[in-house]
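Right, one structure below, let's go through it.
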Amino acid sequence: MRDELAAAIAQAITELFNVTISVELSRPDEQFGDFATNVALQLTKQVGQNPRAIAESLQPKLADSLHEWVSEVTIAGPGFLNLRLRDEALIRMAVPAVPSGWTGKVVVAEYSDPNPFKVLHAGHLYTSLVGDVVANLLELAGATVHRVNFGGDVGMHVGKTMWAIVHELGGEHPDKLIAIPDDQKLEWVSQRYVTGNEKYDDDVAAKAEMISLNKQVYAIHAEHDTSSPLAQIYWTCRQWSYDGFDALYERLGMKPFEKYYPESEVSDLGLATVKAHIGPVYEESEGAVIFRGEPFGLFTQVFINGEGLPTYAAKDVGLIQHKFQDYHYDSSFIITDSSQKDHVAVVMKSVEQFEPELVSRTIHKTHGRIKLAGGVKMSSRKGNVLSASAILDATQQANQAARGESQDQTVLGAVRYSFLKNRIGSDIIYDPAESVSLEGNSGPYLQYAHARARSILRKAGLSDDYNFDIIDEPLEAAERSLVRKISEYSEVLERAITELMPHHICGYLYELAQEFNRFYEHNRVVDDPRQALRLGLVTRYANTLKAGLKLLGITAPEQM
RNA sequence: GCACCCGUAGCUCAGCUGGAUAGAGCGUUGGCUUGCGGAGCCAAAGGUCGUAGGUUCGAAUCCUGUCGGGUGUACCA
C-alpha cells in the first residue's frame with residue numbers, strides 16, 4: 001500500500017506539474033499523520049514556486065486521488081504533505097508482508113570464528129550474535145543459508161597451548177586428561193594458552209619447544225596421526241574446545257552451525273593455491289611468499305612464511321575455495337570485527353587475480369569491537385579477557401538478585417538484545433559491573449510485554465491463531481496508535497534486511513511494546529464493550545512482537 | 001607517516017540515502033495500584049550534535065580543515 005500511495009502521488013505530480021519525481025514517504029510524528037512526503041519542498045526549483053504554494057495545489061488533488069485509502073491530507077510547516085489513513089486501510093496495513101529480496105539465493109554465512117585452544121570471549125559472543133541474526137534475516141528474505149564457522153586449530157597459539165598442556169600433565173600422558181571434569185574442560189584448555197603465552201615471552205628454551213610443537217601439530221594433520229601420545233592429547237583437547245563452543249552457542253540460543261572449517265583442513269589447498277600462482281600473483285621475497293597490495297591501495301601481506309608454513313592469509317585463500325566447492329553460493333558473507341577489514345581486502349584482492357567470480361560474490365561485513373568500561377580493550381595475551389560464559393553468568397546472577405529466580409530464556413533475551421540493539425559498525429562498551437539491562441529498553445522488557453499480552457488472550461480463552469477482520473467501526477485514539485505502530489513492522493523488516501542491520505528491529509520492537517504498554521495502562525480488553533476488536537488488536541500485536549523477537553533469536557514466553 | 005572507522009544528555013546509545021520542537025534507556029527528582037501481570041505507566045531536570053569553515057531555501061546528517069579516540073599497516077591469528 002505504501003508503494004501504491006507513492007505511485008499515486010507521483011502521478012498526481014506529473015499531471016499537475018508535468019514533471020517526474022521519485023516520491024519518498026516517511027513516517028512522521030503521530031501528531032502529523034500516518035505518512036508524510038516532502039515532495040513540495042523538492043519541487044521548488046523544478047516548478048519555480050514556493051513549496052507552500054506547491055503543497056496547496058497538490059492537496060486537493062491528492063485528497064481526491066488517494067480517497068480510497070486516505071481520509072485527510074494536510075499541509076504543515078514549510079510544505080510537508082501529511083496523509084492520514086482511513087482506519088480500515090491502516091488495519092489492512094497491520095499485516096506483516098513477507099520479504100522476498102533473497103528468494104532462491106544460496107548464501108554462505110561465516111561468523112563467530114573462535115580458535116580452538118583459546119577462550120571464546122565477549123568479542124566472539126558479539127560477532128556470533130550478529131552473524132546469527134544476519135543469517136536469520138537472509139533466511140526470512142528467502143535465501144537458503146549455510147551457517148559455517150572457521151577457526152585456527154593449527155598455528156603458534158596451538159604450539160603454545162600444547163606446550164603448557166604437556167607440562168601440566170608432566171609429559172605426553174593423554175591418559176591423565178581424564179582427571180579434568182567435563183564442565184571445566186574448555187576453561188582448562190584456554191587457561192593453558194595463557195600460561196603458554198607467558199612462558200613464550202620470557203623463556204627461550206620453552207619458546208623453542210613451542211615452535212617445535214607447532215610443527216609437530218602440522219605433522220599430526222599431515223600424517224593423519226591419531227595414535228601417538230601427542231596426537232591423542234591434541235585431538236582430545238581440540239574436541240573439548242569444539243564441544244565447549246557448541247555448548248555456548250546453544251546457551252546463546254543460536255541456530256547450529258552446519259559446518260566447522262578448521263584451519264588444518266583448508267591450509268593445504270591454500271598453500272597449494274598460493275604456490276601455483278607464484279609469479280603472476282604472489283611473489284617470493286626474503287624467504288617468504290607475499291602478495292603486494294600497494295598497487296591496489298592496500299598493504300603487502302605474507303601468505304607463506306619463512307618456515308614454509310601458510311599464514312592465515314593463505315588459509316583464507318583455501319577457505320574461500322572450499323566454501324565455494326561445498327555450496328556453490330550466490331553470495332558469501334564473512335562477518336568479523338572491523339580490525340579484519342584490510343586483511344580480508346588483501347586476501348580477496350589476491351584471489352581476484354585468478355578467481356574473480358568467487359570474490360565478486362563475497363561480502364565482508366564488519367562490525368565494531370567489544371570494549372570494557374572506560375574504553376579498555378581486551379587482550380587474550382594479557383589475560384584481561386571477558387569470556388562469553390562470564391557475561392552469561394553475570395547476567396544470570398543479576399537476574400537472580402533482582403527476581404529471586406532466573407529463567408534461562410530471560411538471560412538469553414537480555415544478553416542477545418543488549419548486544420543487538422546497537423547499530424552494527426561502531427564499538428560496543430560492555431560494563432561487567434552493570435551487566436546487561438533487564439528493564440527499560442531491554443530483552444526482558446519485550447518478553448514481559450509479550451507475556452502480559454498473552455495473559456490477556458488466555459483470560460479471554462483464545463488460542464494463538466485468533467485474528468480479527470477489518471471492522472467498519474472507527475478506532476479509538478489509543479487503539480489507533482497501536483495499529484499504526486503494528487503497521488510499521490513490514491517497513492522496518494525491509495529496512496533491516498536491505499541494510500542487514502538487526503538494530504532496526506530492536507528499536508522498533510521496543511517502540512511497539514511501549515505503545516502497547518501505554519494502551520494497556522488505560523484500556524481494558526476483557527469484559528470491555530470493545531472486546532472483540534481489542535482482542536484482535538492484542539493478538540496482532542503479540543504475534544508481531546513474537547515474530548520480531550524470533551528473528552533476534554529471543555523467545556517470546558507465554559508467561560515469565 | 002599512510003589508510004579506514006568513530007566523536008550526539010552525567011553514562012550507554014538511536015537518529016546520518018539533507019527537512020517539522022535532536023529522541024530513548026540507565027541514573028537523578030516527583031507522581032500513578034478498589035480493574036486483564038508494576039520486569040509497567042506519567043512527568044521534570046539534563047544537549048553550542050568535538051571544533052572551525054563550506055554547500056543548501058534548509059545540515060547532527062553532505063564536503064573540507066582541525067582536535068581527540070580507535071583499528072590496520074611482512075613472516076601471530
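What you see is a predicted model; the values in this text were computed from it and never measured. By convention in this document, chain letters (A, B, ...) are assigned in the order of the sequence lines, proteins followed by strands, and residues within each chain are numbered from 1.
Distance, A:D427 CG to B:rU8 C1': 17 Å, rounded to whole Å. In this structure, the CE atom of A:M501 is 14 Å from the C1' atom of B:rC13, given to the nearest Å. When rounded to the nearest whole Å, the span between CD of A:E499 and C1' of B:rU17 equals 9 Å. Atom CG of A:N422 and atom P of B:rG15 are 10 Å apart (whole Å). The nearest whole Å value for the distance from the CD1 atom in A:I429 to the C1' atom in B:rG69 is 11 Å. Atom NE2 of A:H504 and atom P of B:rG23 are 19 Å apart (whole Å). Across the protein-nucleic acid pair, A:K371 atom NZ and B:rG7 atom P stand 12 Å apart, rounded to whole Å. We find that CD of A:E494 is positioned 17 Å from P of B:rU17, with the value rounded to whole Å.
A cation-pi arrangement is absent between A:R2 and A:F35 under the rule of less than 6.0 angstrom and at most 45 degrees off the ring axis.
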### Task
Under the side-chain contact (heavy atoms from CB on, under 4.5 Å) rule, what do A:M156 and A:Y200 come out as? Steps first, then yes or no, please.
CA-CA 10 Å; A:M156 262 322 294; A:Y200 183 88; 3.6 Å; yes

### Query
Taking it one step at a time, do A:R27 and A:D34 satisfy salt bridge (Lys or Arg N to Asp or Glu O under 4.0 Å)?
CA-CA 6 Å; A:R27 290 281 194 166; A:D34 299 315; 5.4 Å; no

### Query
Should A:K215 and A:E307 be marked as a salt bridge (Lys or Arg N to Asp or Glu O under 4.0 Å) after you check the CA-CA gap, both sets of side-chain angles, and the distance that decides it?
CA-CA 10 Å; A:K215 286 185 186 169; A:E307 305 269 333; 2.8 Å; yes

### Task
Would you sort out whether A:V302 and A:F291 count as a side-chain contact (heavy atoms from CB on, under 4.5 Å), showing the intermediate values?
CA-CA 7 Å; A:V302 173; A:F291 175 75; over 6 Å; no

#### Entry: Worked check of salt bridge (Lys or Arg N to Asp or Glu O under 4.0 Å) between A:E488 and A:R484
CA-CA 7 Å; A:E488 290 176 26; A:R484 184 181 184 276; 3.7 Å; yes

### Message
If you apply the rule salt bridge (Lys or Arg N to Asp or Glu O under 4.0 Å), what do you find for A:K160 with A:E198, and how did you get there?
### Response
CA-CA 9 Å; A:K160 292 172 181 175; A:E198 288 165 2; over 6 Å; no

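Annotation: A:Y312 is in aromatic contact with A:H343 [ring centroid separation under 6.0 Å]. Within the 6.0 Å centre-distance limit, the rings of A:Y510 and A:Y445 are counted as a close aromatic pair. With ring centers used as reference points, A:Y111 lies 6.0 Å or more from A:H367. In this structure, A:Y261 has its ring center no closer than 6.0 Å to that of A:F150. Ring pair A:F117/A:Y193: centre-to-centre distance not below 6.0 Å.
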Produce the list of close N/O pairs, under 3.5 Å, pairing protein atoms with atoms of nucleotides 40-46 of chain B; give distances to one decimal.
unit_1, atom_1, unit_2, atom_2, d
B:rG40, OP1, A:G440, N, 3.1
B:rG40, O3', A:N517, ND2, 3.4
B:rG40, O2', A:R452, NH1, 3.1
B:rG40, N2, A:E521, OE2, 2.8
B:rC41, OP1, A:Y445, OH, 2.6
B:rC41, O4', A:E521, OE1, 3.2
B:rC42, OP1, A:R518, NE, 2.4

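Counted by atom type alone, A:Y417 and A:N441 present one or more donor-acceptor pairs between their side chains at under 3.5 Å. No side-chain donor-acceptor contact under 3.5 Å links A:H522 and A:R518.
No N or O donor and acceptor, one from the side chain of A:S442 and one from the base of B:rA39, sit under 3.5 Å apart. Side chain A:D113 to base B:rA77: no donor-acceptor pair is found below 3.5 Å.
Taking every side-chain heavy atom of A:D342 into account, B:rG72 is the closest of B:rG72, B:rG25, B:rC6. Side chain of A:K341, nearest nucleotide from B:rC6, B:rC4, B:rA20: B:rC4. For A:F80, taking side-chain heavy atoms from C-beta onward, the closest of the listed nucleotides B:rU21, B:rA77, B:rG19 is B:rG19. Here the nucleotide nearest the side chain of A:R403, chosen from B:rA74, B:rA39, B:rG35, is B:rA39. Checked against B:rC4, B:rA77, B:rG15, the side chain of A:T311 finds its nearest nucleotide in B:rA77.
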### Summary
Protein heavy-atom contacts under 4.0 Å, written 5' to 3' over nucleotides 54-63 of chain B as B (base), S (sugar-phosphate only) or - (none), form the string ----------

### RNA chain B base-pair string [pairs: Watson-Crick or G-U under 3.5 Å; |: paired with another strand]
(((((((..((((.....[...)))).(((((.......))))).....(((((..]....))))))))))))....

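Taking side-chain N and O atoms only, A:S339 has no distance below 4.0 Å to OP1 or OP2 of B:rU71. The shortest distance between the side-chain N/O atoms of A:H503 and the OP1/OP2 oxygens of B:rG15 is below 4.0 Å. Taking 4.0 angstrom as the limit, A:R495 places a side-chain polar atom (N or O) nearer than this to OP1 or OP2 of B:rC16. The side chain of A:K421 places no N or O atom within less than 4.0 Å of a non-bridging phosphate oxygen (OP1 or OP2) of B:rA14. Checking the phosphate oxygens (OP1, OP2) of B:rG15, a side-chain nitrogen or oxygen of A:R423 falls inside 4.0 Å.
For the C1' atoms, the distance from B:rA9 to B:rA24 is 11 Å, rounded to whole Å. Rounded to whole Å, the C1' atom of B:rU8 lies 22 Å from the corresponding atom of B:rC4. Using C1' as the reference atom, B:rA77 and B:rG72 are 14 Å apart when rounded to the nearest Å. The C1' atoms of B:rG68 and B:rG25 are separated by 27 Å, rounded to the nearest whole Å. On the P atoms, B:rU61 is 8 Å away from B:rG50, given to the nearest whole Å. Comparing the P positions of B:rA39 and B:rG46 gives an interatomic distance of 31 Å, to the nearest angstrom.
Of the two residues near RNA chain B, A:E24 and A:E263, the one whose nearest nucleotide lies more 5' is A:E24. Map A:Q31 and A:D337 each onto its nearest nucleotide of RNA chain B; the residue landing nearer the 5' end is A:Q31.
Looking at heavy-atom distances under 4.0 Å, A:N82 makes contact with a base.
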